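Values reported hereafter were calculated over all heavy atoms of this structure, with side chains retained and with hydrogens, waters and symmetry mates removed. All values derive from a computational prediction rather than experimental measurement.
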Amino acid sequence: MNAPEPRSYWHLTFPITLETQPLPESADLVVVGAGVLGVNAAYAGARAGARVVLIDQFGPAEGATGRNGGFLTEGTALGYARTPALLGH
């Protein structure tokens, strides 16, 4: 199955070749999804000594992670109409 379109700038400029491997019979931790959260969970589990399996339908960051701007912001989850009333202009 091919990755979703449109392809992100990151994937177009730094293509990744993946090797498929058979799934092991057992694992301590199975992570589904190789986006930022899934890769971080798999990495943390492996660093803690777990036998980790990371699976994804396509590949690392091929979903929403690879197509967003990657912004991390500190702020409010309020809508735009309520934010100025709380924080000012």
Side-chain heavy-atom pair I55, L23 within 4.5 angstrom cut-off: yes
Under 3.5 Å, which donor-acceptor pairs link side chains of residues 31-50 to any protein atom two or more places apart or in another chain?
residue, atom, partner, partner atom, Å
Y43, OH, R47, NH1, 3.4

Please report the shortest heavy-atom distance between D56 and G59, naming the atom on each side. OD1-N, 3.3 Å
Going by the salt bridge (Lys or Arg N to Asp or Glu O under 4.0 Å) test, which pairs reach into residues 29-43, not counting sequence neighbours? none
Taking only residues at least two apart or on different chains, which pairs with a member in residues 26-39 satisfy side-chain hydrogen bond (donor to acceptor under 3.5 Å, both in side chains)? S26-R51, D28-R51
Quick test of your reading: applying salt bridge (Lys or Arg N to Asp or Glu O under 4.0 Å), list the pairs with at least one residue in residues 34-44, sequence neighbours left out, ordered by first then second residue. none
